[in-house]
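Before any comments, here is the structure.
Please read all numbers here as calculations on a predicted model, not as lab measurements. Counting starts at 1 for both ligands and their atoms, following the listed order.
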Amino acid sequence: MSSQRVRPEILDFKPYVPGLSEEEIKERYGLKQVVKLASNENPLGASPLAREAVARAAGRMFRYPQNHSPRLAAAIAKAMGIAEAHIVAGNGSDEVIDLLFRVLAQPGKDNVVCYEHCFSMYGLTARLCGVEYREVPRGEDYRLPLESLAEAVDANTKMVFVTSPDNPTGLAAKAEELQVLSGVLPEGALLVVDEAYMDFSWPPEEYSMLAFVPELKNVAVLRTFSKAYGLAGLRLGYGALPLWLAEHVRRARPPFTVNLLAEEAALAVLEDDAFYSETLSVVFKGRELFLKRLPELGCQAWPSQANFVMFRPPYPADQVCEELLKRGVIVRHLKSFGLPENIRVSVGAQAENEAFLKALEEILHG
Ligand SMILES: *Cc1c(COP(=O)(O)O)cnc(C)c1O
């Protein structure tokens, strides 16, 4: 019987719920074209420099990549203004999250603290690792509950997770507030700030904790190439970790998880300033458009520091999502985040944003 062979955590494990794919929707509704605004991917697609770099490197795919991707770590460190020894790259920031759990938290003994309606990978990884997952309620209007996070911590807390800018609300915590939180955590608890969307916050210096990693020693920052850098399909993220931790993570990690093409693409896209600034410009414009138009259409919309906007339509969100799908527009219903009244829409290219707004107008006022 499999129920006797498999760990009890696995028997009732609820898998990660990804955004719907273009292929699924085309097939289900017989559509030729769809607009995918469900996974916060880059609105410009892939950087031309990254594409060329991948094409040039393709002939070397029979070789193993260099372990720990030192060229990449050096390039990231230089771009972010932090010493290379802090940087640990992974197969998406998902892998870095997994490594942090496995290096820091003892199964059956330790716990981690998060807030409700947050990115599901923290809780899923905790469960898979046999680590207690504590969730504190959010503040009013989904505010990030930094004080309650501190109160939920005890001597066995190994990590406190804050996503900033937050997924799915788009709210961000100020770096000042996060410094205060790091200052009140007991020794032994690491503040992990997931900055997957930090590129889209403005001004980033007011929000990012990256510059504090070297001095604070109990703060880790996670970043990804999946969003602003347009490499979601290649899987690449990194942690900027305190030195004492980076060293242990590098020793414990499996070899070669960052693949050769991802490394080449990242090295190229880090040099593609035009792609990066055009990405920000398209996201800022589209975000502004959504925040203006959604309320005009009768939706409540939350201000966002990310490349998506959370909103609540005046009719049930599941029905609105279904109607959008029939019109070829994929957005993210936030039921899997425990917010069934809300929807998250990624900022796309201008034509995609307009197609979404047109479809929504038809549904709500047609
Ligand atoms: C998209 C996202 C990531 C990035 O994950 P990757 O594994 O690097 O693709 C990390 N954290 C949050 C909160 C995200 O929304």
Practice problem: Below 4.0 angstrom from a heavy atom of Ser226, which ligand 1 atoms are there? Numbered from 1 as shown, please. | Solution: 6 (P), 8 (O), 9 (O)
Quiz prompt | ligand 1 atoms in contact with Ala196 (distance to a heavy atom under 4.0 Å) | solution = 2 (C), 3 (C), 10 (C), 11 (N), 12 (C), 14 (C)
Self-check item: Test item, Arg235 contacting ligand 1 (heavy atom, 4.0 angstrom)
Solution: yes
Quiz item: Do you know the tightest heavy-atom contact between Tyr16 and Met121?
Solution: CD1-SD, 3.6 Å
Quiz item: Does any N/O atom on Thr163 come nearer than 3.5 Å to any N/O atom on ligand 1?
Solution: no
Quiz item: Against heavy atoms of Gly92, which atoms of ligand 1 measure under 4.0 Å?
Solution: 6 (P), 7 (O), 8 (O)
Self-check item: Protein contact of atom 11 (N) of ligand 1 - nearest heavy atom, named by residue and atom, plus distance
Solution: Asp194 OD2, 2.7 Å
Practice problem: Give a yes-or-no answer on whether the side chains of Ser304 and Arg344 include a donor-acceptor pair shorter than 3.5 Å. | Solution: no
Quiz item: Does NZ in Lys36 sit with more than 12 non-hydrogen atoms of other residues, nucleotides or ligands closer than 6.0 Å?
Solution: yes
Self-check item: Side-chain touch Pro314/Leu364, heavy atoms, less than 4.5 angstrom
Solution: yes
Quiz item: Any donor and acceptor pair, going by atom type alone, linking the side chain of Thr157 with main-chain N or O of Asp154 inside 3.5 Å?
Solution: yes
Quiz item: To the nearest 0.5 Å, how far apart are CG in Leu260 and CG in Leu72?
Solution: 11.5 Å
Quiz item: Regarding Tyr197 and Gln305, is there a side-chain donor-to-acceptor distance under 3.5 Å anywhere?
Solution: no
Quiz prompt | Selected option - heavy-atom contact closest to atom 1 (C) of ligand 1, from Met121, Lys227, Glu95 | solution = Lys227
Exercise. Do me a favour and list the nearest non-hydrogen protein atom to atom 15 (O) of ligand 1 with residue, atom name and distance?
Key: Tyr197 OH, 2.6 Å
Practice problem: Go through ligand 1 atom by atom and flag the ones less than 4.0 Å from a non-hydrogen atom of Thr224. | Solution: 4 (C), 6 (P), 8 (O), 9 (O)
Quiz item: Touching ligand 1 at all, Phe225? Heavy atoms, strictly under 4.0 Å?
Solution: no
Self-check item: Under 3.5 Å: N/O of Asn91 near N/O of ligand 1
Solution: no
Quiz item: With under 30° as parallel and over 60° as perpendicular, where do the rings of Phe161 and Tyr122 fit, or are they tilted in between?
Solution: parallel
Quiz item: Is ligand 1 under 4.0 Å from a heavy atom in the side chain of Ser93, in the backbone, in both, or in neither?
Solution: both
Quiz item: With a 4.0 Å heavy-atom cut-off (strictly under), which part of Asp94 contacts ligand 1: side chain, backbone, both or neither?
Solution: both
Exercise. Measure from the ring center of Phe200 to the ring center of Phe284 and say whether it is less than 6.0 Å.
Key: no
